[in-house]
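For the numbers below, each heavy atom of this structure counts, side chains included, while hydrogens, waters and symmetry mates do not. By convention here, the first residue in the shown sequence is residue 1.
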Amino acid sequence: MNVIERIKDQIAQNSVLLYMKGSPEFPQCGFSGQTVHVLESCNAKYTYVNIFEDPELREALKSYSNWPTYPQLYISGELVGGCDIVTDLYQKGELQKMLSAANAIA
């Protein structure tokens, strides 16, 4: 399975998937940490991928998503965006609706 197939498979297998720097317990950048905080504030059920553990995936995901930075949040197979977009959606109450529609609220 090539790296693009792995990315597609990860996105398909997880209703909410966060590609981030580090882990939720130990984020490796402030933007990843903020995104985790927002997801946890929503009681979201999500899976994460630490992009530092897979340099090939880290590079391929930028071209796959056409989004150059991390974190990247996917809900129901769609790229939502990075930290600023996720935070904005949360503040407007939209992120909670998206998570609920994906059956991803604990």
Does K62 have any salt bridge (Lys or Arg N to Asp or Glu O under 4.0 Å) partners at least two apart in sequence or in another chain, and if so, which? E59
Between G81 and W67, the two heavy atoms sitting closest are CA-CZ2, 4.0 Å
E56: partners by salt bridge (Lys or Arg N to Asp or Glu O under 4.0 Å), with sequence neighbours left out: R6
Taking the side chain as C-beta and beyond, is there a heavy-atom pair between M20 and V36 under 4.5 Å? yes
Partner set under side-chain hydrogen bond (donor to acceptor under 3.5 Å, both in side chains) for D88, not counting sequence neighbours: K92
For N14, side-chain hydrogen bond (donor to acceptor under 3.5 Å, both in side chains) partners two or more places apart: T47
Are L89 and V80 close enough that some pair of their side-chain heavy atoms sits under 4.5 Å apart? yes
Go through the structure and list residues passing side-chain hydrogen bond (donor to acceptor under 3.5 Å, both in side chains) with T87, not counting sequence neighbours. none
Could you list the residues that satisfy side chain to side chain contact (heavy atoms under 4.5 Å, CB included) with N2, not counting sequence neighbours? I4, E5
The criterion is salt bridge (Lys or Arg N to Asp or Glu O under 4.0 Å); which residues satisfy it with E94, sequence neighbours excluded? K97
Any idea which heavy atoms bring L99 and A44 closest together, and the distance? CD1-CB, 3.8 Å
Scan residues 9-31 for pairs that pass salt bridge (charged side-chain N to carboxylate O under 4.0 Å, His left out), counting only residues two or more places apart or in two chains. none
Could you tell me whether the side chain of L79 reaches within less than 4.5 Å of the side chain of Q72, counting heavy atoms only? yes
For V16 versus A104, what's the shortest heavy-atom pair and its separation? CG2-CB, 3.3 Å
Could you tell me which residues satisfy ring-ring contact (aromatic ring centres under 6.0 Å, His included) with Y70, sequence neighbours excluded, listed by chain and number? none
Closest non-hydrogen atom pair between I75 and M98, with its separation: CG2-O, 3.8 Å
Look at the side chain of S65 and the backbone N and O of L61, then say whether any donor-acceptor pair between them is shorter than 3.5 Å. yes
Shortest non-hydrogen contact from C83 toward F31: SG-O, 3.6 Å
Quick one: which residue pairs count as a ring-ring contact (aromatic ring centres under 6.0 Å, His included) with a foot in residues 71-96, not counting sequence neighbours? Y19-Y74
Would you mind listing every side-chain hydrogen bond (donor to acceptor under 3.5 Å, both in side chains) that reaches into residues 27-45, with sequence neighbours excluded? E40-Y46
Distance from L73 atom CG to L17 atom CG, nearest 0.5 Å? 8.0 Å
Are the side chains of C42 and L95 in contact, using a 4.5 Å heavy-atom criterion? yes
The test is side chain to side chain contact (heavy atoms under 4.5 Å, CB included); show your working for L57 and Q10 and say whether it passes. CA-CA 11 Å; L57 182 141; Q10 289 172 341; 3.5 Å; yes
Between V3 and F52, is there a shared hydrophobic cluster once you connect ILVMFWY residues whose side-chain heavy atoms come closer than 4.5 Å? no
